[in-house]
There are 2 protein chains.
Amino acid sequence: MARTKQFEVENVLDAAVGLFWKKGYHATSANDLVAHLGVSRSSLYDTFGDKRNLYLQALHQYRKRIIGRHLYLIETATDLKETLEAIFTLIIEQDIDDFHPRGCMLVNAATEMAAVDEDVAAIVRGNQWDLQKACEMAIKKAQYQNELRTDIDPKSTAAAIYNAIIGMRVALKTEQEQATLDGIILQTLRLLD
Amino acid sequence: MARTKQFEVENVLDAAVGLFWKKGYHATSANDLVAHLGVSRSSLYDTFGDKRNLYLQALHQYRKRIIGRHLYLIETATDLKETLEAIFTLIIEQDIDDFHPRGCMLVNAATEMAAVDEDVAAIVRGNQWDLQKACEMAIKKAQYQNELRTDIDPKSTAAAIYNAIIGMRVALKTEQEQATLDGIILQTLRLLD
DNA sequence: GGGGTTATGGAACGTTTGTTCCGTAATTAA
DNA sequence: TTAATTACGGAACAAACGTTCCATAACCCC
């Protein structure tokens, strides 16, 4: 019936994630997108709507691809403390020694956009809920299996751990000493002792 | 010798803080600044240089005015845990029930600008150093006065507490349940038990 | 192999961007 | 009062912004 697209939507979304993640919403121009996504202006607008819409879809893509991995690790954890330490390490390795650390796209979105864009806020909140709930469930499971003290409150502890992860995401935006980062991990995971 | 300025530099800087704090660097336009600072375009550029320069000066102003208060509270604390709880409460009260929560201007600056602007990064790092050091010293002082267990490591604990404050600053960008926030505070301050 | 439909590339749109320029106003030392 | 200097308001600037439009190209069903 009609001409077929010369690109994969998923691939282009991944590329859009790459741009918006690194530079944020306002600092990424339409020209940037056209130049780096390998898709012409008209096809971009035809497929994704306007810039804001593309940004929202990129946020969903980021959440699915990047955060999905962390969720999976937590949900399948056998040793929770070890798993959380591994996640901290993953996060650190992503940004350390990077001249332009990207941090977390959802944290960047929260600070740049969430206050003035309810759709962005909803995505950020959804992500928070997922991670906090997964962490809470993992704590409960560990308690049920007698691997964790039962006087630890699952909900507030999960919230505090999630909160610490967010904090580290910001900290990594300005390069940090490894010793400081290790200290934060050590103390945060002490919540599970 | 020459005409006198019709405005106080400090007042204008405070107003600039208000704008950049709420909207960030890129989303605040030169027109926004002219419209809200009560200073003509030419006087703005004459006094503060370009937009980026004004932003950097606004960051310093924010640090002096807002964070200076927290520093003072920590440095003069008699009951550290109580003081930290008070600071958490101050932070929460600023943003809760606000339709457009501003969060912390330095956190916003870190995520939006620090990766690509070394001067912004330096200001953020300076602020981190101040707060972390103040917290570390307060812990040591409390330990010396036998108000705190001596097996608590001052440096890493201070880093973790600072980290939790940053995390909460981001969390408040999307409105939160008070119970969740209280849980984070409770668990974070457990580091001092 | 048309005919209907969508995709594409590129030019073009009107706004908004950050910044500069200039004529005039205000200030004070001489 | 004059001369020298700086501040001010507003027009003006080129560049970049996000978006739209259109002629052409590619595709599939009939």
Side-chain angles (χ1 to χ4, degrees), chain A residues 1-59 61 105 108-109 112-113 116-120, chain B residues 1-59 61 105 108-109 112-113 116-120:
Chain A
M1 283 292 256
R3 188 172 170 179
T4 52
K5 284 189 199 301
Q6 293 181 214
F7 57 89
E8 293 292 331
V9 170
E10 289 281 304
N11 292 348
V12 172
L13 270 183
D14 285 336
V17 167
L19 271 185
F20 283 128
W21 188 358
K22 196 202 295 194
K23 317 217 309 172
Y25 179 77
H26 286 103
T28 303
S29 70
N31 276 344
D32 281 337
L33 292 163
V34 172
H36 290 95
L37 306 199
V39 176
S40 79
R41 215 169 297 270
S42 51
S43 297
L44 258 190
Y45 277 84
D46 202 43
T47 308
F48 301 102
D50 58 12
K51 180 186 167 188
R52 176 174 170 277
N53 220 287
L54 175 56
Y55 179 70
L56 291 176
Q57 294 183 54
L59 270 182
Q61 184 82 347
M105 187 181 174
N108 301 349
E112 186 188 1
M113 302 290 289
V116 292
D117 191 320
E118 182 49 40
D119 291 330
V120 172
Chain B
M1 281 294 258
R3 188 172 170 180
T4 53
K5 286 189 198 301
Q6 292 181 216
F7 58 90
E8 293 291 331
V9 170
E10 289 280 304
N11 293 348
V12 172
L13 269 183
D14 285 337
V17 166
L19 272 186
F20 283 128
W21 188 357
K22 195 202 295 192
K23 318 216 310 172
Y25 178 77
H26 286 104
T28 303
S29 69
N31 277 345
D32 281 337
L33 291 164
V34 172
H36 291 94
L37 305 199
V39 176
S40 78
R41 215 169 297 269
S42 51
S43 297
L44 258 191
Y45 277 85
D46 202 42
T47 308
F48 300 102
D50 57 13
K51 181 186 167 188
R52 175 172 170 277
N53 219 288
L54 175 56
Y55 180 70
L56 292 176
Q57 292 182 57
L59 270 182
Q61 184 82 347
M105 187 181 175
N108 301 349
E112 186 188 2
M113 301 290 287
V116 291
D117 191 319
E118 181 50 38
D119 290 331
V120 172

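- Here B:S40 lies in heavy-atom contact (under 4.0 Å) with a base.
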task = For side chain to side chain contact (heavy atoms under 4.5 Å, CB included), just list the numbers for A:N11 and A:L37, CA-CA rounded to whole Å, side-chain angles, deciding distance to a tenth of an Å, and then say yes or no.
result = CA-CA 9 Å; A:N11 292 348; A:L37 306 199; over 6 Å; no
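- Put simply, CG on B:L33 is 8 Å from P on C:dG18, counting in whole angstrom units.
- The shortest distance between the side-chain N/O atoms of B:S43 and the OP1/OP2 oxygens of D:dA7 is not below 4.0 Å.
- With DNA chain C read from its 5' end, the first of the two nearest nucleotides for B:K51 and A:L44 is the one closest to A:L44.
- Distances shown here put a side-chain N or O of A:N31 below 4.0 Å from the OP1 or OP2 atom of D:dC17.
- Among the protein residues, A:S29 comes within range of the sugar-phosphate backbone only, with heavy atoms under 4.0 Å from sugar or phosphate atoms but none that close to a base.
- Checking D:dA7, D:dT5, D:dT20 against the side-chain heavy atoms of B:A2 singles out D:dT5 as nearest.
- Whole-Å rounding puts the B:Q6 CD to C:dT24 C1' distance at 13 Å.
- Considering only side-chain N and O atoms, B:S42 lies nowhere under 4.0 angstrom from the phosphate OP1 or OP2 of D:dC8.
- Atoms CZ (A:R3) and P (D:dA26) sit 6 Å apart, rounded to a whole Å.
- At whole-Å resolution of the value, CD in A:E8 and C1' in C:dA7 are 14 Å apart.
- The distance between atom CZ of B:R52 and atom P of C:dT19, rounded to the nearest whole Å, is 11 Å.
- Taking atom CG on A:D50 and atom P on D:dT20, their separation rounds to 8 Å, with Å as the unit.
- For the pair A:D46 CG and D:dC21 P, the interatomic distance rounds to 12 Å; values are reported in whole Å.
- Heavy-atom distances to DNA chain C give each of A:V39 and B:T28 a nearest nucleotide, and the one nearer the 5′ end belongs to A:V39.
- With A:Y25 as the aromatic partner, A:K51 meets the cation-pi criteria of under 6.0 angstrom to the ring centre and within 45 degrees of the ring axis.
- B:V39 and B:S43 get closest at one heavy-atom pair: CG1-CB, 3.4 Å.
- Formation of a donor-acceptor pair under 3.5 Å by the A:E112 side chain with backbone atoms of A:H26 is found in this model.
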Yes or no on side chain to side chain contact (heavy atoms under 4.5 Å, CB included) for A:V120 and A:Y55, after CA distance, side-chain angles and deciding distance? CA-CA 9 Å; A:V120 172; A:Y55 179 70; 4.0 Å; yes
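- Rounded to an integer number of Å, the gap from A:Y45 OH to D:dC22 P is 17 Å.
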